[in-house]
Every structure is written in C-alpha cells, then in structure tokens.
Amino acid sequence: MAYNLSEGSLEVIMNGGHYDKPVMQVLGSKKIQGSGANERFRLLVSDGKHSHSFAMLATQLNDKLITGELSDYSVVQIDRFVTSILKNTGKGEKRVMIILDITIIAPGTQVGKKLGNPSTWTEESAQSAPAQVPVAKPAPMPARPMANHSAAPALDSSMLSSQMTHPIASLSPYQNKWVIKARVMTKSAIRTWSNAKGEGKLFSMDLCDESGEIRATAFRNECDRFYDMIQVDKVYYISRCQLKTANKQYTSIKNDYEMTLTPDTVIAECMEDASCVPTIKYEFLPISEIANKGVDTILDTIGVCKMASDLQELTARSTGKQLKKREVTLVDSSGGAIALTLWGKEAESFDGNANPVIAAKGARLTEFNGSKSLSCLASTMLRLNPDLPEAHKLRGWYDNGGADMDVVNISARAGGYAGGSSDWITFSEAEEKQLGSGNKGDYYSLLGVLTFTFADNAVYKACPQEQCNKKLVDQENGLFRCEKCNREYPNYKYRLLLGANVSDPTGDQRITAFSEAAEAMLGKNSADIGRLFEYDKAAYAQLFEDVKFRTFVFKFRTKMEVYSDEARLKTTVMSATPVDYKEANARFIKNIKALSGVEI
DNA sequence: CCCCCCCC
C-alpha cells in the first residue's frame with residue numbers, strides 16, 4: 001500500500017505558516033523531560049521531503065506513544081497543532097510544533113520502513129526556502145508595566161490572536177517573552193501564612209489551554225491585584241510571570257513548571273471567541289476502581305450524590321481549628337459508592353436533596369479505619385450537574401434504576417463487613433512495615449487463626465449507662481459503683497474484654513477484643529456469656545475452647561504502647577468475620593497473578 | 001515567598 005505524505009508541509013510549518021492536517025511519518029521519538037504524569041516526548045517526523053525533530057507531543061497524547069499505538073514508521077495525520085518560537089536555545093530562535101491531535105493512518109508495523117528519502121531540515125534550508133507566509137511573532141507587549149499596576153487595560157487584547165499566543169506546554173524558565181491564552185480551571189481562596197521566613201497571603205489558580213496545564217500563584221500585592229478579577233472558567237491573556245520548577249509533592253497539575261505572578265505580570269480577559277481553549281480536563285476514574293488506588297492519590301471522579309450527611313462541626317485535634325464538614329456518598333454505574341468529604345463553606349452550602357451529579361477534579365484519596373474515602377482539598381474543584389456527557393449519562397442511569405442498584409461502598413466502616421476494600425497482609429508484613437510505631441495507630445486486615453483465648457476475666461460487669469462501659473466496683477451491698485460516672489447502680493451490663501493469641505503462617509500476635517468483636521468470635525452476646533459465667537462455668541469454659549483454632553478475617557488496630565518502660569504492641573480487634581472462602585480465594589488468585597504474572 | 005488541606 002502506498003502512503004501519501006504531505007511533501008513540503010514541514011517547510012511551510014517551520015516558516016511559521018499553516019498547513020491543514022499534514023500527513024507525516026514518525027521516524028523516532030525521545031523523552032525530553034519529566035517522568036510519570038509529567039513526561040514529555042519529542043518526535044522525529046518526516047513529510048517525505050524533509051525530516052526534523054521539532055515536534056513535541058502534547059502530554060495528553062503520551063499514552064499513544066507509551067502503549068505503542070504510535071510507533072516508529074507510523075503514518076499519521078496531524079489534525080491539530082500549534083507552533084511556538086523558543087528563544088535562548090543557544091542558536092537564537094527555534095520553532096517547535098506541538099501536536100495536539102493526531103490520527104494514526106497506518107501503524108508502524110504495517111509501514112515498516114522510512115518512506116521516501118527525506119533530508120534533515122536545517123535553519124539554512126529555512127533561509128533558502130521561499131518565505132511563503134510571514135513568521136508569526138509573539139504578541140507585542142507594553143514596554144514597561146503600567147504605572148498604576150492596573151491589570152486589565154494594559155493589554156489590548158484585540159491585538160492578540162490565538163496564533164500569536166504561546167502554548168502552555170512550551171513555557172519554560174528559559175524564555176520570558178510569551179503570552180498564553182488560558183482558561184482558569186480552578187481558583188483557590190485567599191490564604192495567609194506566617195512562618196519563620198515571614199508572613200503573607202496568596203491565592204493560586206490552575207490554567208489550561210490546548211497544549212497543557214499549569215499552576216499560577218499570586219502572592220501579597222499580586223494577590224490583592226488579581227484576586228477579584230480572576231474568574232473560574234474565563235479565558236485570559238497572561239504574560240510576564242516568573243517560571244520555576246514545580247514541586248510535584250503539592251500538585252497534580254501536569255507540568256514540570258509553575259508560575260508566580262510578578263509586579264510586571266499582565267492579565268487581560270479574552271473578549272473574543274475562546275471556544276478553542278478547552279474547558280477543564282477531567283480524567284474520571286470509575287468509583288469501583290478508586291479502591292485500587294493508593295492513599296493520597298489525587299484523582300478526578302464523577303458520581304450521583306446518593307446521600308449527604310448533616311453539616312458537622314468539629315475541632316481539629318492537632319491545630320484546635322474549628323472545622324465544618326459534610327460527607328456525601330457518590331455512586332456511579334460501575335457499582336461502586338464512595339464518601340466524599342466537603343469542608344468549610346462548600347460543606348455549609350451543599351444541598352444534596354435533588355441528588356445532583358458531582359464532578360470532582362483533584363480530590364484526595366484517604367484511608368481511615370481501613371476504608372477509603374475522598375476528601376476535598378483547597379484545590380479540589382467541584383461542579384454540580386455539569387454540562388458534560390458523563391454527567392448526562394449518569395443522570396440517565398440514576399433516574400432509570402441506577403438509584404436502586406446494589407453498590408459496593410468503598411467507604412463502608414469497619415465493624416461491619418467492609419466489602420473487601422483493604423488488602424490482607426501477614427504478621428511479618430505488619431512487622432516489616434513497622435505498623436503501630438506512629439502516633440496515630442495503624443489499621444490492617446489479616447487472615448488468622450485464634451490459637452489461644454484467655455477465658456478468665458473475659459467477662460466483666462460494666463456501667464449500665466449506654467455510653468459508659470467502665471468496669472464497676474462491687475460495693476458488696478447489692479450496689480455497683482462507676483468511678484467514671486461517680487454513681488452507684490443496682491444493675492449492670494456484661495461486657496467482654498477478651499485476650500487471645502492469633503497466628504498466621506508468618507507469626508503470631510497477642511490481641512485484645514472488646515465486646516462487639518469478641519461476640520462475633522464467640523458467637524454469643526455478652527449478656528449470654530455473662531450468664532454462663534455466673535451459672536454454668538463448664539459451658540463458659542467450653543465456649544472459649546470451641547473457638548480455638550477457628551479462622552477469621554481480622555481487622556486490627558495496632559499501636560506501640562509503653563508498659564513499665566517496656567514498649568509493646570497493643571493490637572485491638574476492630575472486627576472479626578468468618579471467612580468467605582470464595583472471596584478469600586479471589587484475593588489469593590489476584591495476589592498470585594500479581595506476583596507471578598501468570599494468568600490462572 | 002505557599003506546600004496547611006483538617007474529623008471520626
């Protein structure tokens with residue numbers, strides 16, 4: 001089969017002209033920076049006449065390279081691209097093409113060879129080539145910042161066309177003459193800080209265009225100057241910011257750099273058609289797949305708000321700060337449900353009565369008591385009933401039976417059956433990970449055998465008050481005293497405090513189980529066990545014999561505690577459930593697959 | 001220059 005490359009298109013593009021949907025061949029690719037989500041690739045392309053490694057792949061197309069879909073020798077149609085002039089490359093100006101959209105006409109394996117005999121395109125060939133189109137220059141900027149530092153009028157936006165702006169993906173600290181045309185995806189509230197280095201205030205915003213995204217932060221004066229002007233979803237021309245390397249630790253924005261607004265920064269709203277600038281880019285993860293992600297992952301998801309809690313007010317233990325939160329439960333057609341925690345004003349104003357669709361960008365995955373949920377950060381963007389295809393699809397699904405669908409709640413609390421949301425580990429793994437050594441205590445699940453129970457003193461007379469489970473002191477006069485309530489009662493309730501040993505193939509652990517967990521293991525409630533203890537010592541002893549060597553799925557909380565100068569792990573049973581062997585086998589098979597790479 | 005993002 002013959003492939004028609006757009007011969008001569010490269011020349012036109014390198015001279016700053018436009019060529020509609022050129023067909024080129026990919027001859028090579030090279031990673032030029034970043035890793036993971038921040039990788040960026042350069043392509044060696046040929047139009048059959050010339051070849052040149054001036055093409056950069058917009059990051060959203062990286063997958064095509066990584067998956068091999070876009071391989072060497074592929075013939076592609078470049079559906080959309082922008083060019084940008086890079087300065088300070090050591091050789092003066094250098095034009096690059098950023099590929100925004102691509103159609104693979106023929107895979108590399110099918111083409112299998114270099115087409116034609118392209119010569120390497122050089123600056124010299126540029127000069128010798130007829131200048132068919134005037135070279136687009138970066139937009140003219142005012143020579144100096146406006147004296148009054150007013151933001152808006154400094155730029156005559158009519159002088160700018162999208163052709164004269166720079167793609168966000170091309171920005172770097174080595175080049176300062178640029179104008180971007182970008183949409184504000186998110187804008188934070190103003191925050192103040194005070195530390196050893198000083199104090200101040202700031203807000204940040206996340207910007208995007210066709211080529212990529214970037215975070216911009218405004219401090220102190222710039223914070224005052226731009227905060228009111230910047231509106232989410234609007235498109236602005238922005239220039240003269242300082243670029244620096246982004247600290248990936250604090251953002252999920254896909255860019256190696258971030259920008260800081262300076263006294264010279266100019267921002268003007270784009271008043272013309274800005275439909276070419278994309279709106280927020282989501283990478284929605286189906287809710288059922290969120291459980292597979294690691295804690296602290298920042299992710300996007302969309303779901304219908306099935307339930308919303310009341311507004312809760314609480315005090316942060318660490319900072320003493322007053323907090324307001326509301327927990328909403330999101331469901332989607334993947335059959336998953338997850339809790340999303342809203343904070344502050346967002347929590348206050350939220351109304352879940354009409355079961356809105358919620359799109360969340362940049363929520364953080366957290367884990368508590370072994371179950372996962374999402375939490376909003378200051379930078380998380382929530383949209384209610386957004387005009388997105390995914391949202392309309394979900395609405396239709398929910399209103400036509402989805403509301404009644406059985407869902408697996410990833411955020412189900414421990415104590416009940418947690419729906420298999422957290423992995424089982426072994427005692428040796430718990431030790432390796434030094435679980436329990438932190439301040440907060442750690443939670444883990446484990447498949448283990450109860451090898452010994454300390455039956456003596458496993459049952460005690462507890463304060464009859466519902467919330468108080470304190471052990472009572474027998475006054476020997478028919479009354480029982482609770483030290484905690486500072487009262488005497490004629491009655492009591494039985495509670496359990498069961499010490500036991502649990503073993504698994506890698507080790508064993510002394511554990512403590514309180515009433516609910518102990519009842520689950522012993523298969524009798526505390527009151528019945530209390531009666532046996534009083535009236536049928538043999539049956540009581542037998543109960544603790546019978547439970548020995550039974551296997552449970554334990555959920556533990558473990559924490560290092562010091563008893564008379566000796567550090568010891570205190571491990572409490574949060575829940576103990578009988579083994580569902582079908583589910584257990586599914587876990588083991590999954591592990592074997594993961595470890596061996598062998599399909600079973 | 002922030003980088004905290006909370007709680008059960």
Side-chain angles (χ1 to χ4, degrees), chain A residues 173 186-206 214-227 241-253 255 257-265 295-299 308-329 338-348 360-382 409 411-416 418 439-443 467 555 557 559 572 574-575:
Chain A
T186 66
K187 169 187 163 185
S188 77
I190 292 177
R191 194 162 57 81
T192 58
W193 83 88
S194 174
N195 59 28
K197 287 185 235 163
E199 53 182 38
K201 56 177 163 179
L202 70 110
F203 82 94
S204 64
M205 54 183 164
D206 295 338
I214 194 163
R215 169 159 300 174
T217 307
F219 292 97
R220 303 176 221 252
N221 285 343
E222 287 70 60
C223 177
D224 289 339
R225 205 170 128 217
F226 291 111
Y227 186 78
C241 298
Q242 190 181 74
L243 276 117
K244 59 170 191 172
T245 306
N247 191 338
K248 303 293 196 214
Q249 198 184 334
Y250 305 116
T251 167
S252 59
I253 288 292
N255 202 313
Y257 305 112
E258 59 188 24
M259 43 199 230
T260 303
L261 278 57
T262 74
D264 290 347
T265 294
V295 168
D296 287 344
T297 304
I298 307 278
L299 55 88
S309 75
D310 291 336
L311 186 71
Q312 290 160 264
E313 298 196 40
L314 49 106
T315 310
R317 209 193 300 156
S318 50
T319 59
K321 233 201 255 178
Q322 284 298 117
L323 304 172
K324 287 176 183 159
K325 73 157 195 175
R326 192 192 299 269
E327 223 168 68
V328 303
T329 303
I338 194 163
L340 171 70
T341 306
L342 317 185
W343 300 95
K345 283 206 175 73
E346 213 155 37
E348 266 180 274
K361 185 179 168 63
R364 178 198 265 177
L365 188 58
T366 65
E367 190 168 338
F368 179 71
N369 268 7
S371 59
K372 284 172 175 164
S373 66
L374 293 172
S375 185
C376 286
L377 307 176
S379 55
T380 303
M381 227 228 24
L382 290 188
N409 192 342
S411 310
R413 290 278 181 262
N439 296 327
K440 284 176 89 174
D442 293 306
Y443 295 83
Q467 293 304 320
K555 194 160 273 188
R557 177 182 192 273
K559 190 175 180 308
T572 309
M574 307 303 295
S575 71

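Residue numbering restarts at 1 for every chain, and letters A, B, ... go by the order of the sequence lines.
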Let's test your reading of the model: under 3.5 Å, does the base of [N] pair with the side chain of [X] as donor and acceptor?
X      : N     : value
A/E313 : B/dC7 : no
A/K197 : B/dC1 : no
A/R364 : B/dC5 : no

**OP:** Verify the contact: side-chain N or O of A/N195 to OP1 or OP2 of B/dC1, cut-off strictly under 4.0 Å; return yes or no.
**Re:** no
Original post:
Do the side-chain N or O atoms of A/W193 get closer than 4.0 angstrom to the phosphate oxygens (OP1, OP2) of B/dC2?
Top reply: yes
Euclidean distance, atom [atom1] of residue [X] to atom [atom2] of [N] [Å, nearest integer]:
X      : N     : atom1 : atom2 : result
A/K244 : B/dC3 : NZ    : P     : 12 Å
A/Y227 : B/dC2 : OH    : P     : 19 Å
A/E258 : B/dC2 : CD    : C1'   : 9 Å
A/L377 : B/dC6 : CG    : P     : 7 Å
A/I298 : B/dC4 : CD1   : C1'   : 13 Å
A/R326 : B/dC8 : CZ    : C1'   : 17 Å
A/L342 : B/dC8 : CG    : C1'   : 16 Å
A/Q322 : B/dC7 : CD    : P     : 13 Å

Subject >> Nearest listed nucleotide, side chain of A/R191, among B/dC3, B/dC1, B/dC8 >> reply: B/dC3
**OP:** Take A/I298 and A/L377, measure what side chain to side chain contact (heavy atoms under 4.5 Å, CB included) needs, and give me the verdict at the end.
**Re:** CA-CA 9 Å; A/I298 307 278; A/L377 307 176; 3.6 Å; yes
Original post:
So do A/F203 and A/T217 actually touch side chain to side chain, heavy atoms under 4.5 Å?
Top reply: no
Subject >> Check: A/P173 and A/K244 side chains under 4.5 Å, non-hydrogen atoms >> reply: no
Original post:
Are A/F368 and the base of B/dC8 stacked, counting only ring centres nearer than 5.5 Å and planes tilted under 30°?
Top reply: yes
Subject >> Closest non-hydrogen atom pair between A/K201 and A/D224, with its separation >> reply: NZ-OD1, 2.6 Å
Original post:
Base, sugar-phosphate, or nothing: which does A/T380 touch, judged by heavy atoms less than 4.0 Å apart?
Top reply: nothing
Original post:
A/K324 near the nucleic acid: base, sugar-phosphate alone, or nothing, with a heavy-atom cut-off under 4.0 Å?
Top reply: nothing
Original post:
Only one of A/R557, A/K555, A/E367 forms a side chain to side chain donor-acceptor pair (under 3.5 Å) with A/Y443, so which one is it?
Top reply: A/R557
